[in-house]
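To start, the structure itself, in C-alpha cells.
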Amino acid sequence: MRQRVVRVALVAALVALVLLAVPLAVVIRASFFADERGELQRDALAAAARVSTDFTAGDPSNYHPRGNPRDSWAATTCN
C-alpha cells in the first residue's frame with residue numbers, strides 16, 4: 001500500500017511538472033527570441049543609418065572584424 005501511494009505521488013508530481021514547466025519553457029523561449037529579434041532590428045537600423053547614401057551594391061567593403069585590414073581572414077588566406 002505504501003509503494004502505491006509513493007508511486008501515485010511521483011506520477012502526480014511528474015504530470016504537474018510537465019503540465020507547468022513545458023509551457024513555461026515555451027513562453028520563455030519565445031520571449032528570448034523576441035528580445036533578440038528586437039535587438040537585431042535596432043542594430044540593423046543603426047547600421048543602415050551610418051551607411052553613406054552614395055553606397056551602391058557591388059562596392060568593396062571596408063569591414064575588418066579585428067580592426068586591422070591585415071589581420072582579416074581574407075587578407076591572410078588570399079595573399
Residues joined to V18 in its hydrophobic cluster, side chain to side chain under 4.5 Å directly or through other members, sorted by chain and number, are V22
Cluster membership besides L24, Ile/Leu/Val/Met/Phe/Trp/Tyr side chains within less than 4.5 angstrom, sorted by chain and number, is I28
- Same apolar cluster (I L V M F W Y, side chains within < 4.5 Å links), L10/L19: no
The side chain to side chain contact (heavy atoms under 4.5 Å, CB included) partners of E39 (sequence neighbours excluded) come to E36, R42, D43
Going by chain and number, the hydrophobic cluster around V26 (ILVMFWY, side chain to side chain under 4.5 Å) further includes none
